[in-house]
Amino acid sequence: MSAVTAGLVCAHHHLYSTLARGMPAPPRTPRDFGEILELIWWRLDAALDLEMIRWSAMLGALEALENGTTAIVDHHESPNAIEGSLDVIAEACAEVGVRSLLAYGITDRHGPEGARRGLAENERFIRVGGRGLVGIHAAFTCSDESLEAAAGLAAELGVGVHVHVCEGVGDREAPRRLAGLTRDDWLLAHCVHLPTDHELRGTILHNPMSNLNNAVGYADPARFANPVALGTDGIGGNVLEAFRLAYVMQRSVGVTASPETAWSWLANGWHLVPEARDDEVTWSYEPMDPWHVAFTPGIRPLRVKVGGEVVFEDSRPTRVDAAEIRARAREQAVRLHARL
Ligand SMILES: [Zn+2]
């Protein structure tokens, strides 16, 4: 083991949430996860326009790169700016120098027409060559027709589906509703309340910090037979932090747990975006092995190469101006927060 690894993969992100920090308090304090969605995220996503999405993605991609993450598996929603939104995110990531695998999360929250437009955005983006999956918000916000349409489109396009599954107790019906639709190339985010004995196929995306923050419970992903990968669910792009947290959470329910398990989840990101294996991150610490990294906070990349090109060096991105991205993102955050 040395101080060099492949580029890390964030297997579940929401780049649109980067500008949420510092947003005005919701009209009342959410009392559970359902209210967190209603009072925070579903007000925020409805207020997004393409310019906000662009700078939110630029900042999110920058922060990923600053943490050695060279590939982002993103799940996007912006019900009042659907068409073209995936292009905007793909371009922002490419400009910063980060790989992306995108999906628009369809939902019937805004009627069947909203779901149809979301599905059309996935199809348009993938058919013109975008690197994408078909997105579903979650079974509990979709009709059976929408779930079947998304699964059918994904099969037709030869890609997987990226969907939230049993994040909160309100989505307990998901395993029954998705039964028979899932395939091995599906990505199942969270699965906190998914029974251990279930029939869903796909990789389970574990997001320890988000689950703690939303008080939804511990997914305990080691109990599943499915492969597991690590994400942030929109709370930054630091996957080493997700690894550390995944390890101590596992340890909190079983003192014999080894960091090698959470490390294998980190490594499973490379099955989702194999190109990131060719990227190269030189870290401030050596050796980069699970037993060291689990107990060494603050490890930073010194240099990041993506596709052979140095895109981060001397604490700075090489393709873009970090200070400008932060300034433009701040301007867009002000516009966004004023709409809430
Ligand atoms: Zn999510």
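Read the numbers this way: they start at 1 and go in the same order the structure lists the ligands and their atoms. Hydrogens, waters and symmetry mates play no part in the numbers below; they use all other heavy atoms, side chains included. These numbers were taken from a predicted model, which means no experiment stands behind them.
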Using 2.8 Å as the cut-off, note every protein N, O or S atom close to the Zn ion (ligand 1).
-> His12 NE2, His14 NE2, His164 NE2, Asp233 OD1
Determine, for Arg54 against Glu95, whether the closest basic-nitrogen to carboxylate-oxygen distance falls under 4.0 angstrom.
-> yes
Does a side-chain heavy-atom distance below 4.5 Å link His12 with His206?
-> no
Classify the ring geometry between His137 and His164 as parallel (under 30°), tilted (30 to 60°) or perpendicular (over 60°).
-> tilted
How does the hydrophobic cluster around Met249 look, that is, which other residues are in it when side-chain heavy atoms under 4.5 Å mark a link?
-> Met209, Leu212, Tyr218, Ile235, Leu245, Tyr247, Val248, Val253, Trp291, Phe295
Would you call Glu121-Arg124 a salt bridge at under 4.0 Å N-O?
-> yes
Does CD in Glu199 sit with more than 12 non-hydrogen atoms of other residues, nucleotides or ligands closer than 6.0 Å?
-> no
